[in-house]
Structures are given as C-alpha cells and as structure tokens.
There are 2 protein chains.
Amino acid sequence: MARARHEFDELAPTGWAVLGLLSFGNELTGYELKKWADNSLRFFYWAPATSQIYAELKRLERLSYVTSREAAHDELRNKRVYRITTAGCDALRRWLRDAPVEPPVLKHGVALRVWLGHLVEPDELRSIVEQHRQYAEEMQDELERAAATARRDPAWTYPAAVIRWGARYYEAERALADEMLRELTAIERANGRRKARRVRSA
Amino acid sequence: MARARHEFDELAPTGWAVLGLLSFGNELTGYELKKWADNSLRFFYWAPATSQIYAELKRLERLSYVTSREAAHDELRNKRVYRITTAGCDALRRWLRDAPVEPPVLKHGVALRVWLGHLVEPDELRSIVEQHRQYAEEMQDELERAAATARRDPAWTYPAAVIRWGARYYEAERALADEMLRELTAIERANGRRKARRVRSA
DNA sequence: GGGAGCATGTAACGGGTTACATGATTGG
DNA sequence: CCAATCATGTAACCCGTTACATGCTCCC
C-alpha cells in the first residue's frame, strides 16, 4: 500500500520550495528568503514561517543541496548566506520532473460556511461572501501590478507566467463570489415565497 | 499581538466541519461521517483522515457539542452513533457568524513547478500542466453530476449552491490550465527565436 | 531616544497523517 | 471461502506554527 519511498520524499514540498527560491542563482539569507517567499510563493503556494525557513535550510545543508558561508563584510552581525549546489540543482530538477502531480490543496473556509448556510441569517452569509470577494479583488490587483512590473529578463519568464496565472485565478475567484452572491439572492427570494405560501395556506 | 482567545478558537476548523456534517440532523457513526466528508467536504474543503474524525468526535463530546449512544440493534458490532446537541448547534452558529473570514488556503503544487520552469524541459512542464487539466476536468464532471442529482429538498439548498460553485471553480481551474498551456507554447516559441538569434549572431 | 527593519534561532505545542491492530458481516 | 466493506481506535511521527529571546543598525 505504502508508496515506495522515493528520492523526492526526502524533503517536504516546503523544502523543495525553499530550494526553488535559491535556484534563481542568488545567494540569500534566511531572512531574505522569507521575504521572497512572502511576495512570490505566497500567491500560489504558501509562505512558511521564518523559523521553518531556517529549519529547512539546515536540512538542505545536511543533504548538501545548499552551502552557506558567513557574509564576509559586516562580520559583527552574524549573517549567513545560502547558495544552491549543483547536487541541489540536480535533485530539484529530478523532483520537478518525477514527483507525482498532486491535486492542489484547497481549504475554502468561505465555501464551508456557505455550505452550512441553513444555520445563519442570509445577511450574515452575504457579508462573509462579500468580504471574500473583497479579498479576491485585492489579490487580483496585487498580482496585476506585479505582472506589470515583472522582469523582461528571460530568467523570469516562468515566474512571470505564474503571476499572470495567479491574476486570472483571483479574477475567477472574484467572479465566483459574485455568482455566489446572486445565488444567495435567489435563495432568499425563494425562501420568501415559501414563507408566503406557508402563510397563505395557514 | 496574540489575538484574544475566542470561543471559536476552541476547535480547529476541522472540528467545526465535522460538527457541520452533523448539523443536517442525522445520527451518524464516525465511519459514515468519513464517507460524507469524502463526497462533500472534500470538494471545497478537505477530507480528514478517519482516525482524526474519531479524535474530533471525542473532543466534541467532551465539549457537549455532540452526544453518542451505542446503536441499539446490532449490538455485537460496537457501533456508536453521534448526534449534534442544541449547545453544539448554537456554538456552530456562533462560529459561522463570528469567526473571522480567512483567505482560503491554496497550495498549488502545479503552479510551484511551473514557476520553476527554467529547470525542466518544456515537454515535461506541459505534461504536468496537462495532468492537472485532466484532474480539474474530472472534478468538474463529478461536481456537475452531483449538482444534477442534488436534492430539491430545501434543507439542501446551501450544499447544492456550493456544489454548483465547486463545478464552476474547477471549470475555471481547467480554463486556467488551458491558458497556461498556451503561455508555455508562446514561451517555447520565444525561446526558439532567441536561440536562433544567438546562432545567427555567433 | 526609540521604533522599524535586519537577522538568527530555540522550545513548546498542536493538528494531522500513516501505519497498525482488530474483528464482524456481506456478497460473489 | 475470500475479499470487500463496516467499524473503531491507538501510537508514532512530522510538519509547521506561535511565542519567545537576542541584538544590531539605520533613520526620524
């Protein structure tokens, strides 16, 4: 039953993600990595906590997928920069190629709450969906701005494509929220009629 | 800094989700709950492991949000059915109303891999996106079938609305995959031209 | 002077998973 | 008779988070 243990299981996805951040060639500190994660990965994957980035870097170093050195100047502040190794690059490549394509993880709290709509007042439900709509719109805006300023640099072609993908994703999310609001209106109207019928027949 | 501990923090979202499953009124066993989760929650939230459902039920019982009894007939097989209490129903209502609206959790492995497209062959990238497209299509089909057979029963209006929402969600996901495939084609063409230019200028 | 940002971690905890154990019933 | 399904749980483990500790530097 248990799938054979493969090389690509040796790291949790987050580990590969961090290694991926380093695969663009820069030498980066844990702190910088966190910031990069926060304004790229976050949009379509997720932003690990700072503490976990450090933990992940240690693991990566143990596997010789990254090397680190004390940043030369500015010696007093202890500052360690990490760089991907060829072994790390190879392993990452293999992971990208060979790891099974898994369905995205989606935990949609708003959908969950609408699903339980019979328990709350229609207005409260609307408000929840509206807040979500707002959020989707903000994300879309952010990503569209990011797309506009994206590097022309061929090294960033793929990230740029994913940013555009993200913008469309959140656009769809917003459209979905709008549609849901229309559905809610329809449900309220129907309930109104039902209630009216009950009253008439009483 | 730390947000004040609220009542709605007393359970992890999964706890509320399980309680939500019970809020439709049926008496259910842990096993049945798992199946319900697998063919409803799964589409927009996520399906907890069986073992966790039992753990969650225990917690819910400790909080008096559910009660349980040994199923009367069929005594030999130890079988315990759970039912939501009024306290549980109230708590769930409060959670639905008052818990902050949090952004959906999205961990999109496919996007992550495209983002690192510079490390793999274009064909391998296409294949990953195509597998994902396939998946999205299957989910859409499943949900559309579910929507078609959905209860007319007013008690299921909201679940039905969420099923339709899900169908549209995966439709969008498929469209997004298609668009991504077109982008990949464009990138390949551009890389071809770049390569050609390099050759000419050499 | 003090707050924001830079920088690195540790400790405790919790939520959730996999793997495992157990056994009865049903249907091909 | 054997496999699948029903049914319930425990134990080990790990991923990741929050909270905390520390201290520097830059700029208002």
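Numbered from 1 within each chain, the chains take letters A, B, ... in sequence-line order. These figures come from a predicted structure and were not determined experimentally.
Every residue two or more places apart in sequence or in another chain that forms a side-chain hydrogen bond (donor to acceptor under 3.5 Å, both in side chains) with B/Glu144 is listed here: B/Gln140. The side-chain hydrogen bond (donor to acceptor under 3.5 Å, both in side chains) test applied to A/Glu137 returns A/Arg133, not counting sequence neighbours.
Remark: B/Lys79 does not engage B/Glu70 in a salt bridge, criterion side-chain N to carboxylate O under 4.0 Å. Note on B/Arg59 versus B/Glu56: salt bridge recorded, some NZ/NE/NH1/NH2 to OD/OE distance being below 4.0 Å. Ion pairing between a basic and an acidic side chain is recognised when a charged N comes within 4.0 Å of a carboxylate O; B/Arg174 and B/Asp178 show such pairing. Note on A/Arg126 versus A/Glu121: no salt bridge recorded, every NZ/NE/NH1/NH2 to OD/OE distance being 4.0 Å or above.
When the C1' atoms of four end pairs are superposed on the next four at each end of the helix from C/dG1-D/dC28 to C/dG28-D/dC1, using five pairs per end, the two resulting axes differ in direction by 30°, to 10°.
Panel note: side chain B/Arg83, backbone B/Glu27; no donor-acceptor pair is recorded below 3.5 Å. Under a 3.5 Å cut-off, the side chain of A/Arg113 and the backbone N or O of B/Ala99 do form a donor-acceptor pair. Proximity of a side-chain donor or acceptor of A/Ser127 to a complementary backbone N or O of A/Asp123 within less than 3.5 Å is not detected.
Taking 4.0 angstrom as the limit, B/Lys35 places none of its side-chain polar atoms (N or O) nearer than this to OP1 or OP2 of D/dT5. Not one side-chain nitrogen or oxygen of B/Lys34 sits closer than 4.0 Å to the OP1 or OP2 atom of D/dA7.
Rounding to whole angstrom units, CG of residue B/Asp38 and C1' of C/dT17 are separated by 14 Å. For B/Leu41 and C/dG16, the CG to P distance is 13 Å, given to the nearest whole Å. Regarding A/Arg69, its CZ atom lies at a distance of 12 Å from the P atom of C/dT8, rounded to whole Å. At whole-Å resolution of the value, CD in A/Glu56 and P in D/dC15 are 8 Å apart. Nucleotide D/dC24 holds its P atom 16 Å from the CD atom of A/Glu70, rounded to whole Å.
Taking the ring centroids of A/Trp156 and A/Phe24, they lie under the 6.0 Å cut-off.
Screening residues 87-111 of chain B for ring-ring contact (aromatic ring centres under 6.0 Å, His included) gives A/Trp165-B/His108, B/Trp16-B/Trp95, B/His108-B/His132 as the qualifying pairs, with residues at least two apart or on separate chains.
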Output a table of nitrogen or oxygen pairs between the protein and nucleotides 12-15 of chain C separated by less than 3.5 Å.
unit_1	atom_1	unit_2	atom_2	d
C/dG15	OP2	B/Arg59	NH1	3.1

Dump every N/O contact between nucleotides 8-12 of chain D and the protein below 3.5 Å, one line per pair.
unit_1	atom_1	unit_2	atom_2	d
D/dT8	OP1	B/Arg80	N	2.9
D/dT8	OP1	B/Arg80	O	3.2
D/dT8	OP2	B/Gly30	N	3.3
D/dT8	OP2	B/Tyr31	N	3.1
D/dT8	OP2	B/Tyr54	OH	2.6
D/dT8	O5'	B/Tyr54	OH	3.3
D/dT10	OP2	B/Lys58	NZ	3.2

